[in-house]
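Working notes, structure below.
Computed from a prediction, not measured in an experiment: that's the story for all the values here. Every chain is numbered from 1, with letters handed out A, B, ... down the list of sequences.
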There are 2 protein chains.
Amino acid sequence: MKVSESKKKDASTEEKIKTAAKTVFYKKGFTATRTRDIAEEAGLNLALLNYYFRSKAKLFEIIMTETFVGFIDSIKVILNDEKTSLEQKVEIIAERYIDFIIKEPEIPVFILTEIRNNPEGLLKRLPIREIINESVFIKQFLTAVEKKEITESNPLHFLMNILGLVVFPFIAKPIIMGSRNLETEAFNDLMRERKKKIPIWIKAMFTVA
Amino acid sequence: MKVSESKKKDASTEEKIKTAAKTVFYKKGFTATRTRDIAEEAGLNLALLNYYFRSKAKLFEIIMTETFVGFIDSIKVILNDEKTSLEQKVEIIAERYIDFIIKEPEIPVFILTEIRNNPEGLLKRLPIREIINESVFIKQFLTAVEKKEITESNPLHFLMNILGLVVFPFIAKPIIMGSRNLETEAFNDLMRERKKKIPIWIKAMFTVA
DNA sequence: AACTTTTTTAATCAAATGATTAAAAAAGTT
DNA sequence: AACTTTTTTAATCATTTGATTAAAAAAGTT
C-alpha cells in the first residue's frame, strides 16, 4: 500500500527510489519496511532497488546519513553564528526546527528509534561532541553563567530543555492529538504557537528574575 | 486438588515468557523482534510461546497493554488526587516518572514507536481524553488561570512542557551520552538532578513574576 | 500401578522477504 | 542500420520466521 504519492514526476529512477525509501523508512523504520514496500511506493520493479543500491541496508545507510547530517548540520550553523546572541539562538532554533518538523513530521521519531537500534554505528560517525562542545553557543553560555545572567550552570540542561520543548510534542503527537481530538492542522497551529512561547519560557526558566 | 501449585507452575513458564518478551519487545519493537529471540531470552522451546499465547501478536498485545495501562494509570492517580496542589502534582510527576524511567529506560521509546506504528488501535482503547480532560488536575489548572496565578491558559502547553522536560532527555539518551562521553550512571545522576529542577523551571515558566 | 491430562520437545511447514538471474526493452554509439 | 551498453522486467532462489504437529516427558488423578 502506498504511503504517499511520489513527489517528483520526472525524477530519475535512482531519485524515485530514494524518495520512496525516505517515505517508507521514515514511517516504519528499517526492519519494518520491506523492499517491496519501497518498490511499490516508487512504482518500480523490485529488482531495481538492488540494481541501483546493491541492498536494502546500503539504501538505508544512504537515507539515514543524509537525514542525520542534514539535521545536525542545520543546528551546527545556528550554534556557531558569532553574530547572534544566546537569546537569539534560542529563538532561531525554536523557529527553524518547528517549521522543519512540521514539514517532515516523521523525522524525529525516525532518528531516535534508529539511534536506539544502532547507537554506536551512527554516533561514532557524527561528531556531536565536537559540534556541541566547541561551539560559539557553549562559549556564550559559559560567559553568561560567569556574568550570573543565567541561573543554570550546566549547558546540557539548557540544551535538553530547549530540545525537549521543541521536539517532544512532535514525538508525542498521536497522544496529544488524541487527548483533545485535534486534526493535524490544529496540532500544527499549536506547534506554531510554541515558536514564540518557547524562547519566553526558556528565558523565564534560566534568567535571574 | 492443589490449584495454587499447578497454577504456580503454569505461571512460571508463562511468566518467564512474558518477562523475556518484555525485555526483547522493549528493546527492538514488535516487528524487529523474532519469536526465536524471545524463546532464547527465556531459555525455552520456541513452540511454548504459541502454546501459551497463541501467537506473537497476541503476546505483544498483552505486553503492550500492560505497559501502556501501567504508564497511564500511574499518571491518572496523580492527576486526580484532590489532596495535592497543582504545584505538588508537578513535583510528584517529575519525581515518580524520572525514577520509573531510570528503572525501565526502554519504555518511553517503546511506547512512542509502537503508537506510531499503530495509532488508532492503541489510542482508541485507552481513554486518554477522559483521563486528561476530566481530571482534578485540569480543574485546578483552570482555576489557577482564572485567578491569574498562571500565565498560560492552554493546559496542553502545560502538560507538554512537563512531559517534554521529564521524558525527552531519556528518549535522546544516546545523543546526550555521546555529547559528553557520559556513562549510564552519570546520565542517571543528571536525570535525578532534574527531579528537583523541573518543578522550579515549570514554576518560573508559568507563574507571574 | 494404571490411566489421564498437561507441558515440553524436535521436526517440519508455509509464507514472507531480501536478493539474484537471464532475458527483454530502451537508450546510446558508430 | 548494426551494434553495444544501460536499464527494466518476470521468474526464481535461499533464508528467515511465525506457526503447527506428533510424539515424548512430566505432572496429576484414581
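Nearest nucleotide to the A:A47 side chain, out of C:dT6, D:dT8, D:dA10: D:dA10. Ranking C:dA19, C:dG18, D:dT8 by closeness to the A:T35 side chain, first place goes to C:dG18. For B:R36, taking side-chain heavy atoms from C-beta onward, the closest of the listed nucleotides D:dT7, D:dT17, D:dT9 is D:dT17.
The CD1 atom of A:I38 sits 8 Å away from the P atom of C:dG18 (whole-angstrom rounding). In this structure, CD1 of B:I17 is placed 13 Å from P of D:dA19, rounded to the nearest angstrom. A:K58 places its NZ atom 13 Å from the C1' atom of C:dA19, with the value rounded to the nearest Å. Atom CG of A:N45 and atom P of C:dA26 are 14 Å apart (whole Å). Rounded to whole angstrom, the span from the CZ atom of A:R34 across to the P atom of C:dT17 amounts to 4 Å. Following rounding to the nearest Å, A:L49 (CG) and D:dT7 (P) show an atom-to-atom distance of 15 Å. Rounded to an integer number of Å, the gap from NZ of A:K56 to P of C:dT20 is 14 Å. Regarding A:N50, its CG atom lies at a distance of 10 Å from the P atom of C:dG18, rounded to whole Å.
Among the heavy atoms of the strands lying under 4.0 Å from A:Y52 are primed sugar atoms or P, OP1, OP2 only; no base atom is included. Within 4.0 Å (heavy atoms only), B:T31 reaches no atom of the nucleic acid at all.
For B:E40, the CD atom counts as loosely surrounded, since its 6.0 Å shell holds 12 or fewer non-hydrogen atoms of other residues, nucleotides or ligands. The number of heavy-atom neighbours closer than 6.0 Å to CZ of B:R54, taken from other residues, nucleotides and ligands shown, is 12 or below.
The partner of D:dA23, taking Watson-Crick or G-U wobble pairs whose two distances both stay under 3.5 Å, is C:dT8. Pair check for C:dG18 finds D:dC13; Watson-Crick or G-U wobble, both atom distances under 3.5 Å. D:dG28: Watson-Crick or G-U partner is C:dC3, with both key distances under 3.5 Å.
One finds a salt bridge joining A:D37 and A:K28 here, because a Lys/Arg side-chain nitrogen approaches an Asp/Glu carboxylate oxygen to under 4.0 Å. The pair B:K27-B:E41 fails the salt-bridge criterion, with no side-chain N (NZ, NE, NH1 or NH2) lying under 4.0 Å from an Asp/Glu carboxylate O.
Residues A:Y51 and A:L46 both approach DNA chain D. Their nearest nucleotides, taken by heavy-atom distance, put A:Y51 toward the 5′ side.
Contact record, B:K56 with B:T33: NZ-O, 2.9 Å, taken as the closest heavy-atom pair.
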